[in-house]
Number of protein chains: 2
Amino acid sequence: MTVPPGRRERKKAATRQKIADTAMRLFLERGYDAVGIRDVAAEADVAVTTVFSHFASKEALVFEQDEDFEHRLTQAVTGRAPDEPLMPALRREIHALVRHCTAEGAAPTWRMIEESPALREYEESMRLRHAESLATAIAADPDLPQTTTACRTIARFVIDAYSLAREAADPEAAVDEIFRMIEAAWEVASPSRRARGTARAATSR
Amino acid sequence: MTVPPGRRERKKAATRQKIADTAMRLFLERGYDAVGIRDVAAEADVAVTTVFSHFASKEALVFEQDEDFEHRLTQAVTGRAPDEPLMPALRREIHALVRHCTAEGAAPTWRMIEESPALREYEESMRLRHAESLATAIAADPDLPQTTTACRTIARFVIDAYSLAREAADPEAAVDEIFRMIEAAWEVASPSRRARGTARAATSR
DNA sequence: TGTTTAATGCTAACCGTTAGTGTTACGGTC
DNA sequence: GACCGTAACACTAACGGTTAGCATTAAACA
């Protein structure tokens with residue numbers, strides 16, 4: 001797993017990495033809009049078509065490091081301890097993800113994304129795809145007998161928590177604040193778990 | 001208000017309408033991707049630059065009718081009866097909006113949006129802007145002493161409800177199911193309203 | 001060795017979008 | 001009614017992301 005089997009795949013991975021590194025360097029140096037794909041290709045010494053054979057779009061170059069986001073979220077659901085409830089596991093993972101993207105070194109990249117409408121749009125769309133994966137993972141858990149709609153809803157809420165907390169003044173506190181809300185929503189959606197009417201009574205109008 | 005004041009503005013509105021109508025007709029006839037801006041401009045007998053002076057992008061041509069979405073949502077908050085709680089008002093509005101976009105005549109347009117990644121991305125981004133407006137409206141209500149984070153969170157949840165319900169097998173039922181969850185989240189976020197510790201107890205770990 | 005295949009390169013183009021520059025017609029003013 | 005400022009629109013040309021088509025190289029494999 002650490003060493004790719006063949007030389008061909010190693011070279012391919014190296015090319016991909018070189019393109020991604022070159023792109024991010026140029027983007028941070030000159031600004032995302034000021035750097036064209038042709039610039040990236042020239043600086044990485046590859047053809048424009050090669051860039052697009054590795055990355056589906058210019059925006060994808062920026063979010064290459066965000067690739068495992070989806071996997072970490074689903075893993076937090078499917079790989080949690082057998083007796084651990086869903087919400088604490090998700091909350092812990094979101095905490096870690098928020099901490100990761102609000103860390104010192106990530107600031108320039110994050111500012112660049114904030115300032116580019118194209119990058120914001122791309123990320124939003126990407127997060128919704130992640131939410132769908134998360135919803136599938138939640139729905140597949142035999143211990144969580146939710147409706148499909150409830151699973152998709154909670155998954156969206158979790159993604160919302162990530163997006164909103166990242167922009168909050170105190171991201172860590174925001175995660176907790178939002179997750180208190182999500183947990184209440186989750187309790188309402190799972191009347192058969194252990195709630196003895198408490199959650200339902202809280203929402204009866 | 002019903003009759004524009006000058007001939008100039010009337011002509012401008014007519015041009016805009018002609019462009020929008022022509023575009024939607026061509027999109028539905030030949031498919032969104034198969035119709036170029038140059039086609040729309042030619043068919044509407046205007047210059048390409050005129051199209052872009054009325055619409056910011058090709059996608060915006062499709063969502064022209066969706067313009068009042070944002071206004072209806074904020075109006076549901078700021079214009080509700082003085083003693084009406086927030087959630088029933090929002091739920092009623094989302095019901096109406098979902099019903100509107102799942103109506104018979106809207107089916108081809110909706111299918112076109114579903115099938116085009118560019119249109120989906122545009123809409124998602126647009127809805128997030130709507131969520132921000134809604135959050136501002138909620139935060140401005142003196143009867144709702146929420147934190148900024150709570151207002152933004154609830155606003156996102158409401159937008160999520162719209163997006164998810166629209167895709168559900170039974171949209172109307174989905175709205176109710178999701179709003180039960182949102183109301184629970186809202187109760188947790190507003191400990192000072194009338195909840196006497198019930199909601200808080202439901203989420204204490 | 002020879003054959004197959006995947007990665008990359010090159011060229012040219014498509015399409016959304018915009019800048020620059022006129023041209024026209026409306027609206028208010030004398 | 002003539003006059004001028006301005007806003008809508010047209011035309012040209014270009015920029016930049018993206019892709020198709022085809023050639024080339026080098027790895028994998030028999």
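Chain naming here is simple, since letters A, B, ... match the order of the sequence lines and numbering starts at 1 in each. Keep in mind that what you see is a predicted model, and the values were worked out from it rather than measured.
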Peer 1: What nucleotide, of D:dA10, D:dT18, C:dG16, holds the atom closest to the side chain of A:Arg38?
Peer 2: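 The answer is D:dT18, which lies nearest to the side chain.
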Peer 1: Rounded to whole Å, please give me the gap between CZ in B:Arg16 and P in D:dA8.
Peer 2: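 Between P of D:dA8 and CZ of B:Arg16: 12 Å.
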Peer 1: Please classify the nucleic acid contact of A:Asp33 as base, sugar-phosphate, or nothing, using heavy-atom distances under 4.0 Å.
Peer 2: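 No contact.
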Peer 1: Counting only side-chain nitrogens and oxygens, does B:Thr15 get under 4.0 Å of the OP1 or OP2 atom of D:dC9?
Peer 2: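 Checking B:Thr15 against D:dC9: at least one side-chain N or O falls below 4.0 Å of OP1 or OP2.
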Peer 1: If I take atom CD in residue A:Glu121 and atom C1' in nucleotide C:dT17, what distance separates them, rounded to the nearest angstrom?
Peer 2: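 The answer, rounded to whole Å, is 14 Å.
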Peer 1: Under 4.0 Å from OP1 or OP2 of C:dG9: is there any side-chain N or O of A:Thr50 that close?
Peer 2: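 Result: yes.
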Peer 1: Counting only heavy atoms not in B:Asp45, do more than 12 fall under 6.0 Å of its CG?
Peer 2: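 No, CG of B:Asp45 has 12 or fewer neighbouring heavy atoms, counting only those of other groups under 6.0 Å.
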Peer 1: Are B:Phe63 and B:Phe69 close enough, and set up right, to give a ring-ring contact (aromatic ring centres under 6.0 Å, His included), and what steps lead you there?
Peer 2: CA-CA 10 Å; B:Phe63 291 98; B:Phe69 185 97; over 10 Å; no
Peer 1: When you measure from every atom of DNA chain D, which of residues 54-61 of chain A have a heavy atom less than 4.0 Å away?
Peer 2: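 Under 4.0 Å from DNA chain D: A:Ser57, A:Lys58.
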Peer 1: Working to the nearest 0.5 angstrom, can you tell me the gap between B:Leu134 CG and B:Arg129 CZ?
Peer 2: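 Interatomic distance, B:Leu134 CG to B:Arg129 CZ, rounded to 0.5 Å: 14.5 Å.
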Peer 1: Whole angstrom is fine here: how far is it from CZ in A:Phe27 over to C1' in D:dG17?
Peer 2: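 In whole Å, D:dG17 C1' and A:Phe27 CZ are 11 Å from each other.
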Peer 1: Over 60° means perpendicular and under 30° means parallel, so classify the ring planes of A:Phe157 and B:Phe157, tilted if in between.
Peer 2: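 Plane angle under 30°, so parallel.
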Peer 1: Is there any protein nitrogen or oxygen under 3.5 Å from a nitrogen or oxygen in nucleotides 24-29 of chain C, and what are the pairs?
Peer 2:
| unit_1 | atom_1 | unit_2 | atom_2 | d |
| --- | --- | --- | --- | --- |
| C:dC26 | OP1 | B:Lys11 | NZ | 2.6 |
| C:dC26 | O3' | B:Arg8 | N | 3.2 |
| C:dC26 | O2 | B:Arg8 | NH1 | 3.4 |
| C:dC26 | O2 | B:Arg8 | NH2 | 3.1 |
| C:dG27 | OP1 | B:Arg7 | N | 2.6 |
| C:dG27 | OP1 | B:Arg8 | N | 3.0 |

Peer 1: Just verifying a value: how many Å separate A:Arg152 CZ and A:Glu132 CD, rounded to the nearest 0.5 Å?
Peer 2: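 Between A:Arg152 CZ and A:Glu132 CD, I get 4.0 Å after rounding to 0.5 Å.
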Peer 1: For A:Met126 and A:Glu59, run side chain to side chain contact (heavy atoms under 4.5 Å, CB included): C-alpha distance rounded to whole Å, both residues' side-chain angles, the deciding distance at 0.1 Å, then the answer.
Peer 2: CA-CA 11 Å; A:Met126 183 180 69; A:Glu59 294 91 44; over 6 Å; no
Peer 1: Mind calculating the distance between CD1 (B:Ile37) and C1' (C:dG16) to the nearest angstrom?
Peer 2: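 Going from CD1 in B:Ile37 over to C1' in C:dG16 covers 7 Å.
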Peer 1: Answer with base, sugar-phosphate or nothing: what part of the nucleic acid does A:Val46 contact at a heavy-atom distance below 4.0 Å?
Peer 2: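 The residue A:Val46 makes sugar-phosphate contact but no base contact.
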Peer 1: Are the charged groups of B:Arg72 and B:Asp66 less than 4.0 angstrom apart, N to O?
Peer 2: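 No, B:Arg72 and B:Asp66 are not salt-bridged.
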Peer 1: Starting at NZ of A:Lys18, measure out to CD of A:Glu43 and round the result to the nearest 0.5 Å.
Peer 2: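 So the NZ of A:Lys18 and the CD of A:Glu43 are separated by 9.5 Å.
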Peer 1: Taking all non-hydrogen atoms of both residues, which atom of B:Ala23 and which atom of B:Leu61 are closest, and how far apart?
Peer 2: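 Smallest heavy-atom distance, with atoms named: CB-CD1, 3.9 Å.
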Peer 1: How many whole angstroms separate atom CD1 of B:Ile19 from atom P of C:dG16?
Peer 2: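 Spelled out: CD1 on B:Ile19 to P on C:dG16 is 15 Å.
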Peer 1: Rounded to whole angstrom units, what separation is found between the CZ atom of B:Phe52 and the P atom of D:dA14?
Peer 2: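 After rounding, the gap between these two atoms is 19 Å.
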Peer 1: Within the structure shown, what part of the strands sits under 4.0 Å from A:Val35 by heavy-atom distance: base, sugar-phosphate, or nothing?
Peer 2: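 A:Val35: backbone/sugar contact only, no base atoms under 4.0 Å.
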